[in-house]
There are 2 protein chains.
Amino acid sequence: MSKVDRRIAKSQEAIKNAVTELMSEKNIDDITIQDIADRANVNRGTIYLHYTDKYDLLDKMIEEHINNLRVLCRSASEMTFQEGNYVWFEYFERHYVFFSTMLASKGAPSFRSRFLDLVIEEFKAEVDVTKGKNVGFHEDVILQFFGSAIVGAVEWWFKNGMPLPARVMAEQTGALLDRNLE
Amino acid sequence: MSKVDRRIAKSQEAIKNAVTELMSEKNIDDITIQDIADRANVNRGTIYLHYTDKYDLLDKMIEEHINNLRVLCRSASEMTFQEGNYVWFEYFERHYVFFSTMLASKGAPSFRSRFLDLVIEEFKAEVDVTKGKNVGFHEDVILQFFGSAIVGAVEWWFKNGMPLPARVMAEQTGALLDRNLE
DNA sequence: ATTGATTTGTTGAATAGTCAACAAATTGCG
DNA sequence: CGCAATTTGTTGACTATTCAACAAATCAAT
């Protein structure tokens, strides 16, 4: 919580927003540092002050989103799957541009698996899958199975331009998880 | 023209936007410098770096808008009144929050007269009102008459929440001016 | 009027951002 | 391929912004 200098916060915010915008327009490899600087209204040198290169910047952005989701998870640990999922889907909605380009085929190929890892990690922490209706199953099978399921649903949601409200997505995926994991 | 340090431009832009936002929410006298700094996401000291106080800041904003309108006028000097007015009304529309709070009774009482002065000044520069259908009239009477007319129309437009598109306002006021001044 | 709280305007030191210039690396095209 | 143009990453000097601290001014209510 140590107070970050306001200038740093503003510059990084502008830079990250610029990247997400640009990524919805063209492939990451076709984006130059100068493009980012222009869009962010920041001197090119400022970017090097915080990131070693384009990919480091993207990595840090991914890292940050993953971490925000992790925090959301912790704060929602006492909720049902339906409520908890809604918190996630709200976050997705708020960062639509980022997630939809990230999950689109050529955003950052690594993102999908980072995302899946997080989902599974959180399932593992929140649910004891070896009790109840899932006795006898191998834990990793269960986790991989339902982790992939939820990630796939999210992917579908973005690729089809969020055809359902976040609330509905949360309720339906939540219900499916409840039915299988609680 | 590109010699203003980027940081100065960004800070001033943020500060001015913050003020227009805040002015649409409460009276200028109820706005503290800290309010502005918070909204602009800028240190309080930064404001004093550019403006001596709240009212100086507001003055400079007014000055700038008046001047922008003046420049627009020059660049539109070869147009008909209808075309030229459209340029103005587009500018009004783009800065809706500012103009509507400025022309609202409690905005800045001085603004209306500054605005009227500009309109008259530009009429004087663009139109020879003593020729044609206006021979025999006193120039200042004509200028004051039609200056007030256009300012009043703009005022009405803002106070009623821009009930007509800028294009229509420009066409109608433009036609009325053409009929009387050309 | 006397309090206590908020806002103001100013200071000085620390630092983030700017800008221009540079060489090295990469791209792209005939 | 080879060459020109662009992009990259780095540097150093300069300056705008930040932040915390301060006393003075203003406000609000008893």
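Chain A is the first sequence line, chain B the second, and so forth, proteins listed ahead of strands; every chain is numbered from 1. Computed over heavy atoms, backbone and side chain alike; hydrogens, waters and symmetry mates excluded.
Against DNA chain D, the stretch residues 32-40 of chain A makes heavy-atom approaches under 4.0 Å through T32(A), I33(A), Q34(A).
Spacing between atom CG of D29(B) and atom P of dT7(C) amounts to 15 Å, rounded to whole angstrom units. Y51(B) places its OH atom 16 Å from the P atom of dT8(C), with the value rounded to the nearest Å. D30(A) has its CG atom 13 Å from the C1' atom of dG28(C), to the nearest Å. Atom CD1 in I47(A) sits roughly 9 Å away from atom P in dT8(D) (whole-Å rounding). One atom, CD1 of I31(A), and another, P of dT27(C), lie 15 Å apart when rounded to the nearest Å. Between Y48(A) atom OH and dA23(C) atom P there is a gap of 17 Å when expressed in whole angstrom units. A straight line from CD of E13(A) to P of dG17(C) spans 13 Å, rounded to a whole angstrom. A straight line from CG of D53(B) to C1' of dT10(C) spans 14 Å, rounded to a whole angstrom.
Figure legend: cation-pi geometry between R167(B) and F89(B) absent, as NZ or CZ is not positioned both under 6.0 Å from the six-membered ring centre and within 45° of its axis.
Classification of the F115(A)-F99(A) ring pair by plane angle, with boundaries at 30° and 60°, yields tilted.
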(message) Output one letter per nucleotide in nucleotides 16-21 of chain D: B when a protein non-hydrogen atom lies under 4.0 Å from the base, S when only the sugar-phosphate is that close, - when neither is.
(response) BBSB-B
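Using a 4.0 Å cut-off between charged nitrogen and carboxylate oxygen, E21(A) and K16(A) do not count as a salt-bridge pair. Salt bridge annotation for E139(A)-K124(A): absent, with no cationic side-chain nitrogen under 4.0 angstrom from a carboxylate oxygen. A salt bridge is absent between D35(B) and R39(B): the closest approach of a Lys/Arg side-chain nitrogen to an acidic carboxylate oxygen does not fall below 4.0 angstrom.
Neither Y86(B) nor L176(B) shares a network with the other; the hydrophobic side chains, linked directly or stepwise wherever heavy atoms of I, L, V, M, F, W or Y lie under 4.5 Å apart, form separate groups for each.
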(request) Check step by step if side chain to side chain contact (heavy atoms under 4.5 Å, CB included) holds for I47(A) and K54(A). (result) CA-CA 9 Å; I47(A) 297 178; K54(A) 208 161 45 171; over 6 Å; no
(message) I'd like to know whether V154(A) forms a side chain to side chain contact (heavy atoms under 4.5 Å, CB included) with V119(A), so could you lay out the CA-CA distance, the side-chain angles of the two residues, the decisive distance to 0.1 Å, and finally the verdict.
(response) CA-CA 12 Å; V154(A) 171; V119(A) 172; over 6 Å; no
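Between F111(A) and H65(A), a ring centre-to-centre spacing not shorter than 6.0 Å is recorded.
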